[in-house]
Amino acid sequence: MAFMAGSVKSLIEFKIKTRHDGYSDQVSRIMVTKLFIVASLIMGVDWFHDNLSCVHPKDIDVGGEYIESACWIKGFYIYREHEPHHRESGYYGIPNSLSMDGMRPASDRFDDDEFCSTKESNNNKRKYYKTQSTCQKMDKYYFVHYQWMPFYIFSMSALFYMPYILFRMVNTDVISLKLNMKDDEVTCDDIVEFYFNHDVNPVYKMRYRFFMNFVVKVIYLITNISAFYILDELLDYHFQSYGLDWINWSYQNTTLRYDYERRLAPTPGNRMLPSFGMCDLVISRLDVKVDSVDKITVLCEISSNILYQYVFVALWYVLIISISVAALGVIVYLQQHIHVAFFIKNERSSKYVYKLLTFRECQYLEFIRNRDLTMYGIIVKKLRQKHSLPLPKLRKMANKEGGATAPILPNGNTVKVKHHLKHLDSMEDGDSS
């Protein structure tokens, strides 16, 4: 148990450090993945050590361990039709008399639905058919989640990590840029030549990477939403509002929550995964003198489901937070590039060089700026020199921009376009002479 506690502690530890992907992606890739693994471990320990308890028939000489093991394999069931009558039984979906497997609909004779038995009466079949002709058999809804749920939750943890594999494949350029910035032998000229050279780093590749990064963000969002609704379907569509149901139920006092004769509604946990269920078994025996077959129905407690109820409350909130953060990540990604397209590229500052670059190259510059301002300044200067424009082009930009700072000129000077047209004329005349 101490080893288990240490493993869980190591799993939920989160080290704050610089990573390749953004914070919104890390919530799904790290936080959600680890919490799903922890949830599967908690369920797994219960899966190995938990024991069922069933009410044993007195007139059948069968070991209790056999009944409980057989019921664990076969599964437990309840009657969903019993939910509106939850005050009439101490257990959700189970009538007080296990023989009451049917329901007589409300009619002129009966003001409300009435439970009944569809089993044949050996004492008086004619009377039985007369009184029970309107008794409709209720459907058995089986629960076997405890058999496979820990393994499924563990497999879902891998689902949240899969988009990161695509992220690594798409962003090999940014990852290598990060490593090169840490290498003392790599100069700013090397970075400009390798990352801002369209012969080495073609435009179509940069556009592909730019688009695929958006796809990765969307995949994270789809992954979280899919995990949420897959769980909702597996849990009979009771997971979608599970967290909110728990909050509303917790506002009631303890009497209304736990006294089955006065409660307003079953607990959200029992509605999703009942803690008690019925089990039908056929006990067949053959010895030297007797060949007997007995059909029995027993009531069993499923304590595993109680643990699962609380685990799913936590997972519901984790997924809601993760979906919200993933959606925010998509919005922020689009907002950043809208900012580059309509604001940064038109700033009257050193960032005017962004107007001459692709979106992916702007990402390179922002990546460098966030990590090394000195290197950023040097690279911006070199890019301005690399993309310096001829004077006729500069004159055209002056009339269009109306006072913006133009890129660095070949002689290394910056000019205020609108206020230096005469200076440009003199420079142009000087170049022509």
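Because the structure is predicted, anything quoted here is derived from the model rather than measured. This chain uses plain numbering: 1 for the first residue, then up along the sequence.
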Exercise. To the nearest 0.5 Å, what is the distance between CZ (Phe276) and CZ (Phe143)?
Worked result: 14.5 Å
Exercise. Okay, side chain of Ser250, backbone of Ile247: is any donor-acceptor separation there less than 3.5 Å?
Worked result: yes
For this session: Would you please classify the geometry between the Phe76 ring and the Tyr146 ring as parallel, tilted or perpendicular, with 30° and 60° separating the classes?
Result: tilted
Exercise. Under 3.5 Å, is there a donor-acceptor pair between the side chain of Asp245 and the main chain of Pro268?
Worked result: no
Problem set entry | Atom pair SG (Cys71) and CG (Leu299), whose distance is rounded to the nearest 0.5 Å | 10.0 Å
For this session: For the pair Trp72 and Trp47, name the ring-plane relationship: parallel under 30°, tilted 30 to 60°, perpendicular over 60°.
Result: perpendicular
For this session: Using atom types as modelled and distance alone, determine if a side-chain donor or acceptor of Asn270 lies under 3.5 Å from a backbone N or O of Tyr92.
Result: no
Exercise. Aromatic rings Tyr152 and Trp148: how do their planes relate, parallel, tilted or perpendicular, breaks at 30° and 60°?
Worked result: perpendicular
Problem set entry | Worked verdict on Phe312 versus Tyr242 for ring-ring contact (aromatic ring centres under 6.0 Å, His included) | CA-CA 8 Å; Phe312 281 121; Tyr242 188 51; 7.3 Å; no
Problem set entry | Matching residue for Tyr364 among Tyr195, Phe359, Phe194 - test: ring-ring contact (aromatic ring centres under 6.0 Å, His included) | Tyr195
Seminar exercise, completed: Output for pair (His82 NE2, Phe115 CZ), nearest 0.5 Å, gives 3.5 Å
Seminar exercise, completed: Closest non-hydrogen contact found for Gly277 with Ile78 is CA-CG2, 4.4 Å
Problem set entry | Neighbour count >12 (heavy atoms, 6.0 Å) for atom OH, Tyr142 | yes
For this session: Would you name the heavy atoms of Arg271 and Glu83 that are closest together and state the gap between them?
Result: NE-OE2, 2.9 Å
Problem set entry | Under 3.5 Å donor-acceptor, Glu81 side chain and Met103 backbone | no
For this session: Kindly confirm or rule out a cation-pi arrangement of Arg360 over Phe210, judged by NZ or CZ under 6.0 Å from the six-membered ring centre and within 45° of its axis?
Result: no
Exercise. Sulfur to sulfur, is the gap between Cys300 and Cys54 shorter than 2.5 Å?
Worked result: yes
Problem set entry | Ring geometry between Trp249 and Trp246 (parallel below 30°, tilted from 30 to 60°, perpendicular above 60°) | perpendicular
Problem set entry | No-hydrogen, no-angle side-chain donor-acceptor test under 3.5 Å, Ser28 and Ser322 | yes
Problem set entry | Backbone of Leu244 reached by a side-chain donor or acceptor of Ser241 within 3.5 Å | no
